[in-house]
S.K.: 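Okay, here's the structure, questions in a sec.
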There are 2 protein chains.
Amino acid sequence: MKSKATVTIRDVAKVAGVSVATVSSVLNENYHTRVSAETRKRVLQVVQELGYRPRRVAQGLRKGMTYLIGLAIPLQPDPPLSPFFYDAVAGALKATKEKGWMLSILGFKDRTEELALLQKAVSQRLVDGVLLFDPQENDPRLPLLKGNLPFVVLGRTDDPEIYTVDNDNVEAAKLATQHLIRLGHKRIAFVHIPLSYFTAKDRVEGYRQALMEAGLPFRKELLVEVKGYYGAEVGYHAFLSLLERLKEPPTAVLAMDDTLALGCLQAAAEKGFKVPDDLAVIGFNDSAFSAHCEPPLTTVRIFADTLAFYAADMLLRLIQGEVVIPSRITVPTQLIVRKSCGAMR
Amino acid sequence: MKSKATVTIRDVAKVAGVSVATVSSVLNENYHTRVSAETRKRVLQVVQELGYRPRRVAQGLRKGMTYLIGLAIPLQPDPPLSPFFYDAVAGALKATKEKGWMLSILGFKDRTEELALLQKAVSQRLVDGVLLFDPQENDPRLPLLKGNLPFVVLGRTDDPEIYTVDNDNVEAAKLATQHLIRLGHKRIAFVHIPLSYFTAKDRVEGYRQALMEAGLPFRKELLVEVKGYYGAEVGYHAFLSLLERLKEPPTAVLAMDDTLALGCLQAAAEKGFKVPDDLAVIGFNDSAFSAHCEPPLTTVRIFADTLAFYAADMLLRLIQGEVVIPSRITVPTQLIVRKSCGAMR
DNA sequence: CTGAAAGCGCTTACAG
DNA sequence: CTGAAAGCGCTTACAG
């Protein structure tokens with residue numbers, strides 16, 4: 001029972017005995033073009049009967065829109081990256097769906113590919129706007145997009161003209177560190193992604209502030225920059241190398257996300273450290289697995305879905321030409337205490 | 001330095017002193033319309049100079065395409081579902097990118113919303129085709145789509161006309177069960193999603209076959225159907241209720257995916273079972289966290305990215321009107337032995 | 001070898 | 001209140 005060729009607005013017009021302009025007006029509730037109640041009713045009925053729905057591409061061409069926003073997310077490494085991105089997808093999807101937009105995943109393996117993809121998105125008008133993650137210093141994506149395609153950054157940038165949605169990462173790391181200090185820790189390690197990422201910079205700053213305010217020294221040798229990005233494997237190697245390097249081991253470690261923390265747990269076990277007795281561990285994100293690790297992971301919850309929801313909502317407003325104020329939103333974080341930090345016995 | 005209004009094919013034609021048809025022919029390497037080498041060169045140069053790239057929506061309207069395929073994936077529960085879907089997104093993305101297509105996420109909270117979404121996709125021609133996951137018996141999505149929009153199912157269906165890409169789930173569960181039997185287990189529990197899903201049906205069948213062939217009884221009381229879908233929380237409750245229900249506990253448990261297995265580990269710990277000494281655990285999927293659990297999880301690796309890659313590739317062929325043979329692909333699975341099954345001491 | 005014209009399916013001034 | 005026409009930016013027969 002295949003339905004025959006697609007119903008177009010012309011078919012509806014013909015059957016209803018009106019012009020296509022009238023059909024369009026009725027469907028768009030376009031009251032700049034008044035339509036009598038009777039005509040309106042008739043059109044609606046025919047629309048119903050024929051199952052007519054305007055084609056998105058046709059509307060798009062006419063209106064100069066794609067009704068699509070792009071999410072530029074890393075696909076590497078394999079096995080896959082932080083669950084953070086998946087929460088973000090869900091949040092962005094919520095916002096786009098509410099406004100009748102669609103979401104397209106712009107996946108890339110490395111920064112070069114990401115830039116090429118964004119360039120293509122601009123020149124072929126593949127999407128109406130993009131959401132960018134994890135900005136770095138002198139981020140080449142920003143000048144590429146600026147003035148060419150609306151975009152919102154999940155994270156922080158130096159440029160005040162750019163729309164951003166971010167956590168207060170300084171505060172988040174500070175709270176986690178203070179929690180460890182309150183538990184008596186003085187040698188707290190920090191496993192972080194490269195400092196060129198603002199997120200890493202901000203969190204190290206929060207960690208530093210907490211130490212300073214508690215009168216504890218900020219020791220560079222307790223920091224490890226991972227080789228790569230997120231992931232348990234990466235965290236494992238980073239923390240292992242730290243444990244092997246230090247003469248006096250740390251009594252606690254802060255990891256920049258839960259997958260890295262998972263790797264820390266593994267490295268600690270391998271080196272004979274009991275968590276939390278010999279070593280307290282705190283991660284970030286409150287990923288799905290974190291409550292179910294052994295021991296369950298204390299973590300700073302990042303509301304990635306909320307973050308992405310606001311970002312997508314903001315982006316859609318920009319696309320539709322609304323005035324968007326404020327241009328920078330900060331979403332709070334939350335320390336979730338479980339067993340891995342030793343506060344619960 | 002905003003670039004001025006978008007460059008169109010007309011601009012290129014004007015500057016190059018040719019017609020738009022010629023520009024289009026050159027760009028599409030459309031040799032049904034011969035263009036002299038000289039003209040061709042000139043056009044290409046102007047294209048380069050002006051930075052012209054054809055707009056995707058315009059091409060799409062003309063060709064009756066969106067250059068978009070949809071991935072219908074569940075967004076619930078929160079915290080999010082099995083990492084399986086994320087691997088699948090990566091795989092599908094790879095295939096679409098290779099052919100210059102884009103991928104759109106059709107996210108839904110429940111089956112009703114999924115149907116509405118698919119209906120919309122059909123009537124508004126939002127995408128050129130869709131990828132469907134986890135088919136059930138009398139799946140209402142199939143008749144909705146059939147004849148209206150190309151689609152490929154990741155999983156199995158009863159209808160031989162439908163294109164599918166699936167694991168050999170019977171075989172996969174059989175191998176895992178046989179592995180446990182070889183380790184001496186006789187009472188093997190199975191935590192599975194509802195049997196209306198073919199995946200669950202097939203895996204229970206493989207489990208049954210392994211038992212039968214080993215001369216062991218298939219005991220219904222050792223099966224637990226989870227309330228819901230995937231996730232550690234869900235697995236925890238299901239397995240806990242099983243442990244509380246049984247007089248004689250199982251010595252091993254097979255869980256339908258690693259998130260459910262994670263929940264089993266937790267329930268086991270709570271009930272005082274040591275894994276793997278008192279209880280062997282095997283999951284499915286080889287999710288990113290599985291190698292890093294305590295103990296690391298033995299699991300049947302499902303190549304979700306490969307699965308989705310093939311499915312997307314198949315879908316793209318269907319969309320482009322190619323003859324696609326065969327219509328059903330089976331991707332092998334692989335047992336990955338780690339500590340949780342007790343085979344490694 | 002190249003161009004003029006039609007048309008994909010819509011929406012939007014504009015005229016009546 | 002309603003319709004005829006233009007046009008979004010392309011591609012594709014068709015004519016010359």
Side-chain angles (χ1 to χ4, degrees), chain A residues 4-44 46-47 50-68 100 122-126 128 320, chain B residues 4-44 46-47 50-68 100 122-126 128 320:
Chain A
K4 59 179 207 329
T6 324
V7 180
T8 74
I9 195 171
R10 237 181 297 259
D11 299 320
V12 176
K14 197 175 296 171
V15 176
V18 296
S19 73
V20 295
T22 301
V23 177
S24 178
S25 296
V26 169
L27 252 26
N28 292 308
E29 286 168 352
N30 210 359
Y31 292 129
H32 82 273
T33 302
R34 281 231 138 268
V35 177
S36 70
E38 196 192 348
T39 306
R40 183 183 167 69
K41 200 175 137 197
R42 183 152 33 95
V43 168
L44 252 17
V46 174
V47 164
L50 301 187
Y52 170 72
R53 305 250 49 202
R55 285 216 195 183
R56 217 32 180 287
V57 278
Q59 295 181 309
L61 179 58
R62 176 60 226 233
K63 304 255 247 177
M65 304 234 106
T66 62
Y67 295 106
L68 218 49
V122 168
S123 60
Q124 300 187 238
R125 290 286 189 280
L126 295 179
D128 296 330
Q320 294 173 307
Chain B
K4 58 179 208 327
T6 323
V7 180
T8 73
I9 195 171
R10 235 181 298 260
D11 299 320
V12 176
K14 198 174 298 170
V15 175
V18 296
S19 73
V20 296
T22 300
V23 177
S24 179
S25 296
V26 169
L27 253 26
N28 292 308
E29 287 168 352
N30 212 359
Y31 292 129
H32 82 273
T33 302
R34 280 231 139 270
V35 178
S36 70
E38 196 193 348
T39 306
R40 184 183 166 68
K41 201 176 137 197
R42 184 151 34 94
V43 168
L44 251 18
V46 175
V47 164
L50 301 186
Y52 170 72
R53 305 250 49 204
R55 284 217 196 184
R56 216 32 177 285
V57 278
Q59 296 181 309
L61 178 58
R62 177 60 227 234
K63 305 254 247 175
M65 305 234 106
T66 62
Y67 297 105
L68 219 50
V122 169
S123 60
Q124 300 188 238
R125 292 285 191 278
L126 295 179
D128 296 330
Q320 294 174 307

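In what follows, chains are A, B, ... by sequence order, proteins preceding strands, each numbered from 1. None of the values given here were measured: they were computed from a predicted structure.
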S.K.: Taking the side chain of Thr39(A) as its heavy atoms from C-beta onward, which of dA6(D), dT2(D), dC10(D) lies nearest to it?
M.R.: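 Nucleotide nearest to Thr39(A)'s side chain: dT2(D).
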S.K.: How many angstroms lie between OG1 in Thr6(B) and CZ in Arg125(A), if you round to the nearest 0.5 Å?
M.R.: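 Going from OG1 on Thr6(B) over to CZ on Arg125(A), the span is 4.0 Å.
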S.K.: Between dG3(D), dC10(C), dC1(C), which one does the side chain of Ser36(B) approach most closely?
M.R.: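 Among dG3(D), dC10(C), dC1(C), the one nearest the side chain of Ser36(B) is dC1(C).
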S.K.: Could you go step by step and tell me if Ser25(B) and Thr22(B) meet the side-chain hydrogen bond (donor to acceptor under 3.5 Å, both in side chains) rule?
M.R.: CA-CA 5 Å; Ser25(B) 296; Thr22(B) 300; 6.0 Å; no
S.K.: For Glu38(B) and dT2(C), what is the distance between atoms CD and C1' respectively, to the nearest whole Å?
M.R.: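 Taking atom C1' of dT2(C) as the reference, CD of Glu38(B) is at 13 Å.
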S.K.: Measuring from Lys41(A):NZ to Ser36(A):OG, what's the distance to the nearest 0.5 Å?
M.R.: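 These two atoms lie 11.0 Å from each other.
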S.K.: Where the side chain of Thr22(A) is concerned, which of dT12(C), dT2(D), dC10(D) is the nearest nucleotide?
M.R.: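 Of the options given, the side chain of Thr22(A) lies nearest dT2(D).
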S.K.: Between dG9(C), dC1(C), dG3(D), which nucleotide gets closest to the side-chain atoms of Arg10(A)?
M.R.: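 So the side chain of Arg10(A) is nearest to dG9(C).
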S.K.: Starting from P on dG3(D), measure out to NZ on Lys14(A) and report it in whole angstrom.
M.R.: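 Interatomic distance, NZ of Lys14(A) to P of dG3(D): 15 Å.
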S.K.: Looking for any heavy atom pair under 4.0 Å, which part of the strands does Val57(B) touch: base, sugar-phosphate only, or nothing?
M.R.: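 The residue Val57(B) makes no contact with any strand.
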S.K.: Report the distance from atom CG of Leu61(B) to atom C1' of dA6(C), rounded to the nearest whole Å.
M.R.: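 For the pair Leu61(B) CG and dA6(C) C1', the rounded distance is 13 Å.
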S.K.: I want to check one thing: is the phosphate of dC10(D), taken as OP1 and OP2, less than 4.0 Å away from some side-chain N or O of Tyr67(B)?
M.R.: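 Checking dC10(D) against Tyr67(B), no side-chain N or O comes under 4.0 Å of OP1 or OP2.
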S.K.: Before you tell me yes or no, could you show the steps for Arg53(B) and Val47(B) under side-chain contact (heavy atoms from CB on, under 4.5 Å), namely the whole-Å CA-CA distance, both residues' side-chain angles and the distance that decides it to 0.1 Å?
M.R.: CA-CA 8 Å; Arg53(B) 305 250 49 204; Val47(B) 164; over 6 Å; no
S.K.: How long is the line joining CD1 of Ile9(A) and P of dT12(C), in whole Å?
M.R.: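 Nearest whole value for this atom pair: 11 Å.
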S.K.: Once you round it to whole Å, what is the distance between C1' of dC10(C) and CZ of Arg53(A)?
M.R.: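 Going from CZ in Arg53(A) over to C1' in dC10(C) covers 14 Å.
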S.K.: In whole angstrom, what separates Leu27(B)'s CG from dC10(D)'s P?
M.R.: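 It is 9 Å, rounded to the nearest whole Å.
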S.K.: Rounded to whole angstroms, how far apart are CZ on Arg62(B) and C1' on dA13(D)?
M.R.: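 From Arg62(B) CZ to dA13(D) C1': 8 Å.
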S.K.: Pairing check on dA4(C): which nucleotide meets the Watson-Crick or G-U wobble criteria with it, both distances under 3.5 Å?
M.R.: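 Across any shown strand, dA4(C) pairs with none.
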S.K.: Checking contacts here: which listed nucleotide (dC8(D), dC1(D), dC10(C)) is nearest the side-chain heavy atoms of Ala58(A)?
M.R.: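 Within the option list, the nearest is dC10(C).
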S.K.: Go nucleotide by nucleotide along DNA chain C from the 5' end; which of Gly17(B) and Lys63(B) gets its closest nucleotide reached first?
M.R.: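 Its nearest nucleotide lies further toward 5', so the answer is Gly17(B).
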S.K.: Counting N and O atoms only, with roles assigned by atom type, does the side chain of Asp128(A) sit under 3.5 Å from a partner on the main chain of Met65(A), one being a donor and the other an acceptor?
M.R.: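 Not a single qualifying donor-acceptor pair exists.
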S.K.: Rounded to whole angstrom units, what separation is found between the CE atom of Met65(B) and the P atom of dG7(C)?
M.R.: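 Taking CE of Met65(B) and P of dG7(C), I get 21 Å after rounding.
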